[in-house]
Q: 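Take this structure first; my questions come after.
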Protein chains: 2
Amino acid sequence: MSERVVPAADRRRRRPTKQGVVLSEELIVETALRLIEEHGTEALSVRRLGRALGADPSSLYRYFRHTDDLMLAVADELIGRTLRTWRPSGDWLADLRDLGLRVHAGALAHPRAAVLSSYRVTGRVYEIQAVEAILGVLRGAGFPDVEAVRIYHAYVDQALAFGALDSANTALPQPAREAEAAVWQATYARLPADTHPHIAATARHLVATMRHSSYPAALDLLLSAAAARLAEIRAAGEG
Amino acid sequence: MSERVVPAADRRRRRPTKQGVVLSEELIVETALRLIEEHGTEALSVRRLGRALGADPSSLYRYFRHTDDLMLAVADELIGRTLRTWRPSGDWLADLRDLGLRVHAGALAHPRAAVLSSYRVTGRVYEIQAVEAILGVLRGAGFPDVEAVRIYHAYVDQALAFGALDSANTALPQPAREAEAAVWQATYARLPADTHPHIAATARHLVATMRHSSYPAALDLLLSAAAARLAEIRAAGEG
DNA sequence: CTTAACAGGTCAACGGTGTTGTCATAAGGT
DNA sequence: ACCTTATGACAACACCGTTGACCTGTTAAG
């Protein structure tokens, strides 16, 4: 049973497909990303990807063992792209806020990859770079090691978790998405004040707020708590 | 074109299936939950569910218009179960902390269902109860409406997002889970200090911290930021 | 007690999916 | 120029959600 997938390094024979395309891991990953962007999550299937590439679907199994493998490769590329656009300024709070929003935006742009990668540790280069960078920002700001690690963990997981959450939501089929939006208007905004006083009192704000991601708000809350903690630490350090 | 789905209230004719099972919305939802728990997310399909119930798959379309409708019903049942175990004490901070941990624990107890339900708005009874209760706690504590809604949104999404994240991770196949745990020991803990100073300096803490959920830490950060905000609001109110 | 309406079950089919066993052939080292 | 084999193509498999047509037992009305 010879392996179906050949390691990228051993590839020599660049034979074109019937339609004249020369496949490669990079080309496949890029095309997958483009497909998701242009036609949404549900547009990404092995068969469609094959069609978009001008190749038989089964050819892709020469490059990835499962769709899962493909998605992880896509995710890795995504991390790399996000990290490359980040320009830390030296202001730890602003930098972490900026990076958080970038990670979240990157996740939204590629829902399927984001959901898959959110709960996995890859141990690959870009991930390691990100860990080192974030820890550097926190320790540079003056957080002691234990605190830096604790906040790093909460910060990263929150960015990934919200990224996945909001991704999954935007990846819903169109009718389901519209139905969700309608629920706040049609159901919550119409509950009577005598049975549901708190919802009724805030209905206007609920309808306006719930249609957007709560990640920016959650991020600001987390970071402001971290800043408060840092102030405490500094005060204690001077005593 | 007569509607395929008849509202639950109008159901009269309880005709058993060939295999002698009397279907109902409740029975279907319970069976779906059980299926997900026992055999994982991928085990839940209309066809398998039909088989597990002892009914033709197409029968389910007499109760739910799409799979999506079914998933919303499952999600709401989960919310209901969690909410029923919560006993608010009147201390807003403690109550929200307690509820958050319960939601998270509930998600971990039903890993596969939690992932599916985390990003949906059901608009069903239990969800409405939860929204009303949480908004009540926040407004009762003294948050003005806009602020209460903003914090409600971040708080709820955080609980659901971390629930889904940690669920997805625990739901990984055993070998994959072990491989993940090993990455911190095998990869991160061995990075040299000259190329990755921050990781090297905190490696001990990383290995210890990353194996647990960061949700409790993230929840505490969010709530402490909310408490700080409330203090500000109260101070301004007295001025 | 009969009967007609129809809720609610079944069946078959459609077009989609991921994946694999097998075959064909052109690329590339010798 | 030849042989190996990497790599593409094809066909098939087993699944998926969903729908239209059909059939039948339950139930409410007469």
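Numbered from 1 within each chain, the chains take letters A, B, ... in sequence-line order.
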Q: Using nucleotides 13-17 of chain C, report all nitrogen or oxygen pairs with the protein that are shorter than 3.5 Å.
A:
from, atom 1, to, atom 2, distance (Å)
C:dT17, OP1, A:Ser45, OG, 3.1

Q: The criterion is side chain to side chain donor-acceptor pair (under 3.5 Å); which residues satisfy it with A:Arg190, sequence neighbours excluded?
A: none

Q: Using modelled atom types only, decide if a donor and an acceptor are shared between the side chain of A:Glu132 and the backbone of A:Ile128 within a distance under 3.5 Å.
A: no

Q: Donor-acceptor pair, A:Thr170 side chain versus A:Ser167 backbone, under 3.5 Å?
A: yes

Q: Search all heavy atoms of B:Ser213 against all heavy atoms of B:Pro216 and return the closest pair with its distance.
A: O-CD, 3.7 Å

Q: Sequence neighbours excluded, which residues qualify as side-chain contact (heavy atoms from CB on, under 4.5 Å) partners of B:Pro7?
A: B:Asp10

Q: Without swapping roles, check the side chain of A:Tyr119 against the backbone of A:Leu160 for a donor-acceptor pair under 3.5 Å.
A: no

Q: Tell me which donor-acceptor pairs under 3.5 Å the side chains of residues 47-59 of chain B have, and how far apart each pair is, sequence neighbours excluded?
A:
from, atom 1, to, atom 2, distance (Å)
B:Asp56, OD1, B:Ser58, N, 2.9
B:Asp56, OD1, B:Ser58, OG, 2.6
B:Ser59, OG, B:Asp56, O, 3.1

Q: Considering residues at least two apart in sequence or located in another chain, which fulfil the side-chain contact (heavy atoms from CB on, under 4.5 Å) criterion with A:Val131?
A: A:Leu135, A:Tyr152, B:Tyr188, B:Ile199

Q: Taking salt bridge (charged side-chain N to carboxylate O under 4.0 Å, His left out) as the definition, give me every residue that meets it alongside A:Arg112, ordered by chain and number, with sequence neighbours left out.
A: none

Q: May I ask you to say whether B:Asp68 pairs ionically with B:Arg120, meaning some side-chain N is under 4.0 Å from a carboxylate O?
A: yes

Q: Under 3.5 Å, which donor-acceptor pairs link side chains of residues 71-84 of chain A to any protein atom two or more places apart or in another chain?
A:
from, atom 1, to, atom 2, distance (Å)
A:Asp76, OD2, A:Arg124, NH1, 3.3
A:Glu77, OE2, A:Arg81, NE, 2.9
A:Thr82, OG1, A:Leu78, O, 3.1
A:Arg84, NH2, A:Tyr126, OH, 3.0

Q: Identify, residue by residue, the members of residues 22-37 of chain B with a heavy atom below 4.0 Å from DNA chain C, and return them in order of residue number, or none.
A: B:Leu23

Q: In terms of side-chain heavy atoms of A:Thr17, which of D:dA9, D:dG20, C:dG8 is nearest?
A: D:dA9

Q: Would you tell me if any nitrogen or oxygen in the side chain of A:Ser58 comes within less than 4.0 Å of OP1 or OP2 on D:dA9?
A: no

Q: Sort me out a list of protein N/O and nucleotides 23-25 of chain C N/O pairs below 3.5 Å, or just none if empty.
A:
from, atom 1, to, atom 2, distance (Å)
C:dT25, O2, A:Arg15, NH2, 2.1

Q: Which of residues 64-72 of chain A sit near DNA chain C, with a heavy atom under 4.0 Å from it?
A: A:His66, A:Thr67

Q: Report the distance from atom OH of A:Tyr61 to atom P of C:dT20, rounded to the nearest whole Å.
A: 7 Å

Q: For the helix from C:dC1-D:dG30 to C:dT30-D:dA1, what is the angle between the axes at its two ends, each from 5 pairs, rounded to 10°?
A: 10°

Q: Keeping the roles fixed (side chain from B:Ser214, backbone from B:Ala217), state whether a donor-acceptor pair exists under 3.5 Å.
A: no

Q: Side-chain donor-acceptor pair under 3.5 Å between A:Arg150 and B:Thr209, yes or no?
A: no

Q: List, one per line, each side-chain donor-acceptor pair under 3.5 Å for residues 191-198 of chain A, sequence neighbours excluded.
A:
from, atom 1, to, atom 2, distance (Å)
A:Thr195, OG1, A:Pro192, O, 3.4
A:His198, ND1, B:Arg139, NH1, 3.0

